[in-house]
Amino acid sequence: MRVNIENSATDPATEAFVAHRNLLFTVAYEMLGSAADAEDVLQETWLRWSGVDLGAVRDRRAYLVRITTRQALGRLRALGRRKESYVGTWLPEPLLTTPDVAEDVELADSVSTAMLLVLETLAPTERAVFVLREVFDLGYDEIAEAVGKSPAAVRQIAHRARAHVAARRPRGTVSPAETRDALHAFQRAAETGDIQGLLDILAPDVVLLGDGGGVKQAVLRPIVGADKVGRLLVGGLGKVAAAVSLRPARVNGHPALVLRLDGELDSVLTVRVENGLITGLYAVRNPEKLSHMGRETALSR
């Protein structure tokens, strides 16, 4: 059962929680890649926070982040077991984000689909340490308390996680305008069935990942190569062309496309762009992962 925190009686504990709620949600979401699980972590955090003796708390923000991290770590390990039986590719849950998220370049980069997929390759504790250190700039002592390790161990974990992420993260910074241009070219080619237009905007080694969760049809394995991806997209969209609409949206702080079928939300398409070409295309169709596309989500650091 969800606790209606915002409607609770105003008191110091509630005020502190509400003041840091967006931060706590962002911590949980970056650790889990799932908005639904992040919301559950917030509920668990609130239940534990509401029983804390505030007189013994020196830094309420740090204490709340510590609770959230511990709850997210437990859920992250359980989520890993769930993913083992997931049908097809598991992709992060897309968020329709508020405009200010895009203005914070580092925050937007940290919640991009491409980065969240890189974070998926880290072990749970490595992911927690990386997120808390690199995204939220917490001190090693503070992180050590959150993950139950010594500060020296946390430093080693942080170094290892940074190297792991650096080897896999997108190269360089891509401006929103560059991503919008690539998406516009992609949209125009997809809507007109222009296979050459798609080939021109897709990198030769582009990777298409789809997430239907076993509920909606989606590619079960990565599709690699511009020709394969282009022909698959043109063929699939061509079959339902009259009923499909593609519209720009701001998803996870970046330009994206929302696909509607007969007016109903069907898919969210996010991309990874390098040197003006789309190198990664991520299509989420699982209806359970589209619930946060109906309203804007605020994130903060």
Side-chain angles (χ1 to χ4, degrees), residues 26 29-30 32-36 38 88-99 101-102 104-121 168-191 198 201-203 206-213 216 218-219 222-224 229-230 232-233 236-237 244-260 265-297 299:
T26 308
Y29 177 71
E30 292 213 21
L32 299 166
S34 164
T89 302
W90 186 96
L91 289 175
E93 191 171 337
L95 303 175
L96 187 68
T97 45
T98 52
V101 175
D104 186 337
V105 176
E106 290 185 6
L107 176 60
D109 176 65
S110 72
V111 296
S112 69
T113 302
M115 176 55 80
L116 290 175
L117 285 174
V118 172
L119 295 182
E120 282 292 309
T121 64
R168 292 164 177 78
R169 74 187 307 166
R171 300 286 190 271
T173 301
V174 179
S175 70
E178 189 175 357
T179 302
R180 278 193 298 270
D181 288 346
L183 276 171
H184 181 67
F186 172 89
Q187 179 182 351
R188 186 170 59 246
E191 288 176 335
L198 275 179
I201 195 60
L202 297 176
V206 63
V207 178
L208 166 65
L209 300 178
D211 181 344
K216 289 288 190 74
V219 294
I223 305 297
V224 181
V229 171
L232 177 69
L233 291 171
L237 291 172
V244 167
S245 70
L246 282 169
R247 294 290 181 269
R250 188 184 296 105
V251 176
N252 288 48
H254 294 271
L257 290 174
V258 172
L259 186 151
R260 294 185 179 275
L265 177 61
D266 178 87
S267 310
V268 173
L269 305 175
T270 55
V271 295
R272 171 174 169 170
V273 174
E274 295 181 58
N275 299 318
L277 298 178
I278 295 175
T279 59
L281 184 61
Y282 316 106
V284 177
R285 296 196 71 203
N286 185 348
E288 293 182 0
K289 292 189 174 183
L290 300 179
S291 61
H292 280 69
M293 289 300 298
R295 64 185 185 282
E296 291 184 339
T297 298
L299 303 174

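Just so you know, these numbers come straight off a predicted model, no measurement behind them.
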Looking at N252 and V111, would you say the former's side chain and the latter's main chain have a donor-acceptor pair under 3.5 Å? yes
Side chains of M115 and R169, heavy atoms from C-beta outward: is any pair under 4.5 Å? yes
Side-chain contact, heavy-atom cut-off 4.5 Å: P94 with M293? yes
Please round to the nearest 0.5 Å and tell me the distance separating atom CD1 of I201 and atom CG of D181. 8.0 Å
How far does CD of E120 sit from CH2 of W90, to the nearest 0.5 angstrom? 4.5 Å
So do the side chains of L257 and F186 get within less than 4.5 Å of each other, counting heavy atoms only? yes
Run the side-chain contact (heavy atoms from CB on, under 4.5 Å) check on H292 and E93 step by step: do they pass? CA-CA 8 Å; H292 280 69; E93 191 171 337; 3.5 Å; yes
Which heavy-atom pair separates G280 from I278 by the least distance, and what is that distance? O-CG2, 3.4 Å
Just wondering, do V268 and L290 contact through their side chains at under 4.5 Å, heavy atoms? yes
Heavy-atom closest pair, residues P255 and P176: CG-O, 3.6 Å
Distance only, no hydrogens: is a donor on one side chain within 3.5 Å (strictly under) of an acceptor on the other, for H184 and R188? yes
If we ignore hydrogens and angles and just use 3.5 Å, is the side chain of N275 paired with the main-chain N or O of L277 as donor and acceptor? no
Between OG1 of T98 and CZ of R295, what distance do you get to the nearest 0.5 Å? 12.5 Å
Does R272 come within less than 4.0 Å of E274, counting only side-chain N to carboxylate O? yes
Do R285 and D266 have side chains that get closer than 4.5 Å, going by heavy atoms? yes
Between A182 and G276, which heavy-atom pair has the shortest distance, and what is it? CB-O, 4.3 Å
Hey, what do you get for CG (L119) to OG1 (T121), rounding to the nearest 0.5 Å? 7.5 Å
Any donor and acceptor pair, going by atom type alone, linking the side chain of D211 with main-chain N or O of L91 inside 3.5 Å? yes
Side-chain touch T279/V206, heavy atoms, less than 4.5 angstrom: no
Look only at the side chain of S267 and the backbone of L259, and say whether a donor-acceptor pair between them is shorter than 3.5 Å. no
Between P92 and V284, which heavy-atom pair has the shortest distance, and what is it? O-CG2, 3.8 Å
Supply the atom-to-atom distance T26 OG1 to L299 CG, rounded to the nearest 0.5 angstrom. 4.0 Å
Sole residue of V219, L117, L281 in side chain to side chain contact (heavy atoms under 4.5 Å, CB included) with L209: L117
Atom of A256, atom of L269 and distance for their closest heavy-atom approach: CB-O, 3.3 Å
Are there over 12 heavy-atom neighbours, none belonging to E191, within less than 6.0 Å of that residue's CD? yes
Would you sort out whether T297 and L96 count as a side-chain contact (heavy atoms from CB on, under 4.5 Å), showing the intermediate values? CA-CA 6 Å; T297 298; L96 187 68; 6.0 Å; no
Validation row: L95, V251 side chains within 4.5 angstrom (heavy atoms): no
When you compare the side chain of Y282 with that of V207, does any pair of heavy atoms fall below 4.5 Å? no
Has E296 got more than 12 heavy atoms of other residues, nucleotides or ligands less than 6.0 Å from its CD? yes
Once you round to the nearest 0.5 Å, how far does NE2 of H254 lie from OG of S175? 11.0 Å
Q187 side-chain N/O to L246 backbone N/O, donor-acceptor pair under 3.5 Å: yes
Shortest non-hydrogen contact from A108 to G253? CB-O, 3.8 Å
